[in-house]
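Below: the structure, in structure tokens.
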Amino acid sequence: MFSCYLFLFISLIISFRDVHVSTSDSSCTDNPVFTPSALVLKYGDPANATCVVCQKDCRGTVFGLEHAVGKVTGHGTTMLWKVDRLTVWDTSLICYYNTDAGDQCSSILDITIYQPPESVSISFVNHTGMMFENQQYTLQCSVQNVAPVQSLTVTFYRGNTALGHLQSNSEQKKPVNETFTLNITPSREHDGAQYWCETKLELGPAGPQRPPVVTSEKLPAIVHYGPELKEPPNPDVITITEGDTLHLNCSSVGNPSPSYTWTLSTNSSSYSGSVLTIKSVGFEHEGQYICTVSNTVGTVTKEFNIDVQVNSIPYIIAGTILGALVLVGLSVGCYCKHN
């Protein structure tokens with residue numbers, strides 16, 4: 001029986017306390033007014049706020065300003081709260097008065113205490129070293145000791161390009177550590193790019209005009225990809241005149257840098273390098289040339305079919321000279337016979 005009465009007594013105390021800190025009753029038309037209407041402070045900074053309990057005469061009523069830290073001074077129905085160094089994370093002010101009818105009117109000043117991240121770092125999840133084209137990887141942005149985390153926006157970047165914006169679902173007001181992740185699929189165009197993340201505490205109109213920003217270091221990415229030929233495909237047959245210079249271009253791009261092997265079907269010779277050059281083509285150079293380009297990621301090949309034609313210019317010149325000689329001989333013969 002005694003325990004029942006004790007429980008009832010405690011419940012009544014809690015009930016009265018809850019009434020004291022509750023928000024304004026619906027019948028209140030003259031609520032206490034805080035200045036400023038919202039308070040956003042950096043952890044450890046000084047703070048102050050003023051509460052005007054009511055606009056009409058309420059001097060005869062019970063009123064007050066509930067506070068967990070700091071000091072309160074009053075001038076009539078105007079109350080001033082001040083603290084030299086605010087270090088209580090979850091705090092608020094409650095300004096109230098009781099009406100003659102027994103109602104209580106109150107207003108709550110929510111106080112947001114923030115702390116920019118102590119450190120921000122970026123890394124890959126379960127991966128180190130080189131990456132490969134068209135494979136998925138996970139970036140991780142680790143944020144240390146930030147509050148309130150629900151006001152934090154994390155942006156991932158590749159170079160100057162924003163890849164995504166993330167926010168926390170936590171409602172924790174005290175400093176926490178949190179990790180944000182983003183999946184990426186790099187391509188060869190991203191080889192050498194730098195990944196990084198930026199954190200920004202967006203605290204609303206009452207917060208700093210320039211939201212606190214902390215960035216990570218930059219993480220360079222090496223993307224490996226197989227060879228890709230620079231030049232367009234060749235025609236089925238490349239025709240060249242005997243004695244001319246032949247250039248066969250097999251240039252390509254790749255990471256790591258590819259190596260080249262040339263194979264000639266007509267003889268056992270082989271060459272290396274992206275361009276094969278023969279200064280004076282002969283009929284022995286006819287046939288198929290195969291260029292093999294390879295690196296640790298892959299291999300591609302390119303075929304060249306060479307047809308060497310006779311150079312008719314020497315024969316034309318020889319025929320011209322012979323014709324000229326014949327004409328000269330005829331002319332001399334005719335002149336001698338005439339005499």
Side-chain angles (χ1 to χ4, degrees), residues 129-135 158-159 161 185-194 220-339:
M130 70 188 74
M131 298 188 294
F132 292 91
E133 184 179 38
N134 298 326
Q135 291 191 19
R158 181 178 59 241
T161 302
T185 304
S187 66
R188 62 190 61 191
E189 290 79 13
H190 304 149
D191 182 37
Q194 293 185 320
I222 300 174
V223 182
H224 281 198
Y225 55 94
E228 180 182 354
L229 297 168
K230 290 182 179 180
E231 298 291 327
N234 292 304
D236 292 338
V237 178
I238 298 174
T239 302
I240 188 169
T241 302
E242 178 190 13
D244 287 352
T245 300
L246 176 66
H247 296 287
L248 301 180
N249 193 338
C250 193
S251 298
S252 67
V253 293
N255 190 25
S257 297
S259 60
Y260 300 86
T261 302
W262 292 84
T263 304
L264 284 64
S265 61
T266 55
N267 57 55
S268 59
S269 300
S270 62
Y271 303 87
S272 62
S274 60
V275 179
L276 186 151
T277 301
I278 301 175
K279 292 184 178 179
S280 180
V281 174
F283 290 104
E284 70 275 13
H285 297 125
E286 280 190 335
Q288 187 180 65
Y289 294 69
I290 299 175
C291 174
T292 302
V293 189
S294 61
N295 63 12
T296 56
V297 182
T299 299
V300 295
T301 60
K302 188 174 184 179
E303 296 181 358
F304 303 83
N305 294 294
I306 308 303
D307 179 34
V308 181
Q309 292 187 341
V310 175
N311 187 351
S312 58
I313 293 178
Y315 298 99
I316 294 172
I317 294 174
T320 302
I321 293 173
L322 181 60
L325 291 174
V326 170
L327 290 174
V328 170
L330 289 174
S331 298
V332 172
C334 292
Y335 177 76
C336 293
K337 187 177 180 180
H338 179 75
N339 288 339

Using 0.5 Å steps for rounding, measure from the CD atom of Glu242 to the CD atom of Gln309. 11.0 Å
Residues Ser187 and Tyr225: side-chain donor-acceptor under 3.5 angstrom: no
Tell me if the CG atom of Leu246 is crowded by more than 12 foreign heavy atoms within 6.0 Å. yes
Ignoring hydrogens and angles, tell me if any N or O in the side chain of Thr245 forms a donor-acceptor pair with the backbone of Lys279 under 3.5 Å. yes
Are side-chain heavy atoms of Thr301 and Val293 found at a separation under 4.5 Å? no
Which distance, rounded to the nearest 0.5 Å, do you find between the CG of Leu229 and the SG of Cys291? 7.0 Å
Distance in Å, Glu286 CD paired with Leu264 CG, rounded so as to fall on 0.5 Å steps: 12.5 Å
Are the side chains of Gln194 and Arg158 in contact, using a 4.5 Å heavy-atom criterion? no
Search all heavy atoms of Pro227 against all heavy atoms of Asn295 and return the closest pair with its distance. CD-OD1, 3.4 Å
Answer yes or no: is there a side-chain heavy-atom contact under 4.5 Å between Trp262 and Cys250? yes
Would you indicate whether the side-chain heavy atoms of Val310 and Phe283 approach each other to under 4.5 Å? yes
From the options Val297, Ile222, Val223, Thr296, select the one residue that forms a side chain to side chain contact (heavy atoms under 4.5 Å, CB included) with Asn255. Ile222
Output yes when Lys302 and Glu231 qualify as a salt bridge under the 4.0 Å nitrogen-oxygen rule, no when they do not. no
Asp307 (side chain) donor-acceptor with Thr239 (main chain) under 3.5 angstrom: no
Gap separating the CE atom of Met131 from the OG1 atom of Thr185, nearest 0.5 angstrom: 10.0 Å
Does the side chain of Pro186 come within less than 4.5 Å of Phe132's, by heavy atoms? no
Could you tell me whether the side chain of Asn249 and the main chain of Val275 form a donor-acceptor pair under 3.5 Å? no
How long is the straight-line distance from CD of Glu228 back to OG of Ser252, given to the nearest 0.5 Å? 9.0 Å
I'd like to check Val281 versus Asp244 (side-chain heavy atoms, cut-off strictly below 4.5 Å). Are they in contact? no
Taking all non-hydrogen atoms of both residues into account, name the closest pair between Ser294 and Thr299 and its distance. CB-OG1, 3.3 Å
Nearest heavy-atom approach of Gly273 to Tyr260 is O-CB, 3.2 Å
Taking atom OH of Tyr289 and atom CD1 of Ile306, what is their separation to the nearest 0.5 Å? 6.5 Å
